[in-house]
Protein chains: 4
Amino acid sequence: MDVSIAAAVREVIAAHGYGGLTVDAVALSAGVSKATIYRRYSSKQEMTFAVLLHDLEEVPPADTGSLHGDLTALARQIAAQVSGPGGDTLSSLLADIRADPNLRARFEQTFIAVERGIITTVLDRALARGELAARPDPVLVQALLLGPLYTWLVVLDEDPTHTTDLADLVATMATTALAAGALPATIRSRSNRSR
Amino acid sequence: MDVSIAAAVREVIAAHGYGGLTVDAVALSAGVSKATIYRRYSSKQEMTFAVLLHDLEEVPPADTGSLHGDLTALARQIAAQVSGPGGDTLSSLLADIRADPNLRARFEQTFIAVERGIITTVLDRALARGELAARPDPVLVQALLLGPLYTWLVVLDEDPTHTTDLADLVATMATTALAAGALPATIRSRSNRSR
Amino acid sequence: MDVSIAAAVREVIAAHGYGGLTVDAVALSAGVSKATIYRRYSSKQEMTFAVLLHDLEEVPPADTGSLHGDLTALARQIAAQVSGPGGDTLSSLLADIRADPNLRARFEQTFIAVERGIITTVLDRALARGELAARPDPVLVQALLLGPLYTWLVVLDEDPTHTTDLADLVATMATTALAAGALPATIRSRSNRSR
Amino acid sequence: MDVSIAAAVREVIAAHGYGGLTVDAVALSAGVSKATIYRRYSSKQEMTFAVLLHDLEEVPPADTGSLHGDLTALARQIAAQVSGPGGDTLSSLLADIRADPNLRARFEQTFIAVERGIITTVLDRALARGELAARPDPVLVQALLLGPLYTWLVVLDEDPTHTTDLADLVATMATTALAAGALPATIRSRSNRSR
DNA sequence: ATATAAGCGAGACGGTACGTCACGTCTTTGT
DNA sequence: ACAAAGACGTGACGTACCGTCTCGCTTATAT
């Protein structure tokens, strides 16, 4: 049942785009009643969130022995994830997530924080190896890795087939900056953590 | 009239968020009839686009005499623009833009292309100065500058007050990469240009 | 539900006249949503038609034993029906019906044709009794009976309390004309039947 | 100017029916601005009223020497008038007239009362000739003459080409009834005159 | 002869109602 | 007992038309 709902969501998005995603259409396509959907998800956004963001695997990449290797693997992993759904879906989904405080929190915890943890792990490895003197702000690294890739696809609407190349480039740049100690331990106050 | 509509749009968004943006509410707040709004904009999205993206000034920064200086100025300019509206507004607006082919094209031409032109100008200056041997792909530079800033605010939901610091960091990294000749002349095929 | 809609329609017409009949007002008064109304009726006119012309009973009057008696009963029945709603409602309703080909056809079949059938029945009885030699055109009889009554109320805007007297008069005149064989079997070509 | 407006009204009605009659369309078709129309007529209904009911000549028919002849001439005159515009126009126009108290009064005075005056004239002639003993209620006669004709066209939607035949029939029936003294001097109270 | 006012075309405007759509809730029906 | 079917209230959308209005332009008259 949940499977058919998930399949239906993807089907409808594929057919009519995120904007054409309708609960009725999902119910129809899944051969399921709307009530059944709402028994599982409290809103259309919850449903979409659950379906589309469920299987993003967020595991730390294997230790490649070098910071550059680790970052490259990580950037490629991010690139692969972000290339999955269409840019339209990604932007709409993010908009929906931001509009709902509940989803926002879950998104934060489920993906942002997890990815940040992975970044921290990678940085810690580099520290242990002696490649880094101090651990820079993982949020900064996250913005530097994820930012260009996400923007490439969603804002600039560029070719998704080149995200891997972009990932390599971004990883190299980040490595260089990290090695040079260009990234401070923190750039931000903790003020907006309370949001 | 157009002014009062614009003011009303901003007012309503400030009061109820982008999700609470209603044409009727805008009409009411602007002291204008709905018909008048639709006489100007063919849809709510057109209206929002016109109002929120109208006055983003996109002028090339003054020549600072060095690539690093130029890129820093440019990144700060981007940061200032992107920090203007709330992250929610930004993400929703982008989603709406991507959902409408017409808006999409206008967004592409009005902002992406213009900003890319500015980047090209800055790179050409560096070439003229001899700071660069070849002109790298401006789209890459755009992704590297805009990406972290946009993501910082919209995806990671971080503190907007630190975008300037992040801009400086990003400009420095980009300068380093450019000086090292790390950015290829092109990373992408021209295939998706026809979209 | 249908009942409350019907009641609401009549209520709103009573309060604000046919011209003040608004779907929103009906919905409000019925404690029902506009969507519910449009789920039942495809337009405001369909709704009004259904509500106001639903319960007009069109049964042949009991055989009184004479053509004059039958026609009198019939004319009074028509008078009673036509006196029901206000003249304003009647004229506006008819205008709306004529403006919509669909309603027009249904009106024709549901009321005009049914009433004509009743007239035919009455005429056939008279034929069987030997009161008539040949059966005259029922449409003529219909025009002669219905015409003065409808016009009295709707065009001339005269007192509805006298329709019964007028009905008797009209029935007597029709009887006289029929007995004298003054009404031809047909006055019209069949040309406009195809409309 | 007034002429072109009148022509435009008829044109638009011919092209799109009474329901498609729009002030903008009239203005466009007449090559005139909407303001000019509203300078002449205070509403769309006034305009239509003025244009469509302006030239209905209501003069007493020549004395034919007999009541039957006079009534036949009168009935034919009515039939001609009523056959002019389409049944749709007639019914919608009447509905609009009834909805507006001002138009209603003018309609009453301009057409109903005038026609009634003509009927009175005809009846007076018959009285003078000795064909009638007493003068019956002219309103009754009006209902008997106008009713079947109007209903034939507007309610029953029958062939307009046969209105002349129907007029003759109606005139004959009315003559018979009048000669027999079947029509009372009054059927109605004066109560609703104050409406 | 020119100024001045009146009428005009063009068309924007406020308002009101229409009919549509989707969300999320609910009742009914059948298995 | 649970799920499919589907009706319902809510609320926003975009459209159409009415009657009002302002803006220039023309034209006819009066000084």
Side-chain angles (χ1 to χ4, degrees), chain A residues 1 4-5 12 16 19-28 30-48 96 100, chain B residues 1-2 4-5 12 16 19-28 30-47, chain C residues 1-2 4-5 12 16 19-28 30-47, chain D residues 1-2 4-5 12 16 19-28 30-48 96:
Chain A
M1 189 83 71
S4 61
I5 291 176
V12 173
H16 307 101
L21 182 61
T22 290
V23 177
D24 290 81
V26 171
L28 182 65
V32 143
S33 87
K34 260 203 306 181
T36 301
I37 292 179
Y38 280 102
R39 220 171 278 125
R40 283 164 172 67
Y41 312 107
S42 64
S43 73
K44 175 187 167 186
Q45 285 74 33
E46 291 269 1
M47 174 190 73
T48 317
D96 280 353
D100 181 333
Chain B
M1 192 82 68
D2 306 71
S4 60
I5 291 177
V12 173
H16 307 101
L21 183 61
T22 290
V23 177
D24 290 83
V26 171
L28 183 64
V32 143
S33 85
K34 228 182 3 159
T36 297
I37 292 178
Y38 280 103
R39 248 174 240 123
R40 285 167 168 64
Y41 315 108
S42 64
S43 71
K44 178 186 165 185
Q45 286 74 32
E46 290 267 2
M47 174 190 73
Chain C
M1 192 82 69
D2 305 73
S4 62
I5 291 177
V12 174
H16 307 101
L21 184 61
T22 291
V23 177
D24 291 82
V26 171
L28 183 64
V32 143
S33 83
K34 231 186 352 165
T36 298
I37 292 179
Y38 280 102
R39 253 174 234 123
R40 286 168 169 62
Y41 314 106
S42 64
S43 71
K44 176 186 165 185
Q45 285 75 32
E46 291 267 0
M47 174 190 74
Chain D
M1 190 84 70
D2 307 72
S4 62
I5 292 176
V12 173
H16 307 101
L21 183 61
T22 289
V23 178
D24 290 80
V26 171
L28 183 65
V32 142
S33 86
K34 259 203 307 182
T36 299
I37 292 179
Y38 279 102
R39 222 171 274 123
R40 285 165 173 66
Y41 313 107
S42 64
S43 73
K44 176 188 168 185
Q45 286 74 31
E46 290 268 1
M47 173 190 73
T48 318
D96 280 352

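Per chain, numbering begins at 1; letters A, B, ... match sequence-line order. Given the structure is predicted, the values throughout are model-derived calculations rather than measurements.
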### Residue closer to the 5' end of DNA chain E, A/Val23 versus B/Asp2 (nearest nucleotide)
B/Asp2

### 5' precedence on DNA chain E between C/Ala25 and B/Ala30 (nearest-nucleotide basis)
B/Ala30

### Query
D/Leu21 near the nucleic acid: base, sugar-phosphate alone, or nothing, with a heavy-atom cut-off under 4.0 Å?
sugar-phosphate

### Query
NA contact type, C/Ser43, heavy-atom cut-off 4.0 Å: base, sugar-phosphate, or nothing?
sugar-phosphate

Integer-rounded Å distance: [N] [atom2] and [X] [atom1]:
{"X": "A/Leu28", "N": "F/dG6", "atom1": "CG", "atom2": "P", "answer": "10 Å"}
{"X": "B/Glu46", "N": "F/dG14", "atom1": "CD", "atom2": "C1'", "answer": "13 Å"}
{"X": "C/Met1", "N": "E/dT27", "atom1": "CE", "atom2": "C1'", "answer": "11 Å"}
{"X": "B/Arg39", "N": "E/dA10", "atom1": "CZ", "atom2": "C1'", "answer": "13 Å"}
{"X": "B/Asp24", "N": "F/dT10", "atom1": "CG", "atom2": "P", "answer": "17 Å"}
{"X": "D/Lys44", "N": "F/dG19", "atom1": "NZ", "atom2": "P", "answer": "8 Å"}
{"X": "B/Tyr38", "N": "E/dT16", "atom1": "OH", "atom2": "C1'", "answer": "16 Å"}
{"X": "D/Ile37", "N": "F/dC21", "atom1": "CD1", "atom2": "C1'", "answer": "16 Å"}

### Message
Give me the atom names and distance for the closest heavy-atom approach of C/Ala27 to C/Ser33.
### Response
CB-C, 4.0 Å

### Task
Please report the shortest heavy-atom distance between B/Tyr41 and B/Glu46, naming the atom on each side.
CB-CB, 3.9 Å

OP1 or OP2 of [N] versus the side-chain N and O atoms of [X]: is any pair under 4.0 Å?
{"X": "D/Arg40", "N": "F/dG19", "value": "no"}
{"X": "B/Ser33", "N": "E/dT16", "value": "no"}
{"X": "B/Ser42", "N": "F/dG14", "value": "no"}

#### Entry: Criterion side chain to side chain contact (heavy atoms under 4.5 Å, CB included) on A/Val12 and A/Thr22, from CA distance to verdict
CA-CA 8 Å; A/Val12 173; A/Thr22 290; 5.8 Å; no

### Query
Side chain of B/Lys34, base of F/dG14: donor and acceptor closer than 3.5 Å?
yes

## Note on the structure
DNA chain F nearest-nucleotide lookup for C/Gly31 and B/Ala35: closer to the 5′ end is C/Gly31

### Query
Step by step, would you call C/Ile37 with C/Val32 a side chain to side chain contact (heavy atoms under 4.5 Å, CB included)?
CA-CA 8 Å; C/Ile37 292 179; C/Val32 143; 3.9 Å; yes

### Query
How long is the span from the CG atom in A/Asp96 to the OG atom in A/Ser43, to the nearest 0.5 Å?
8.5 Å

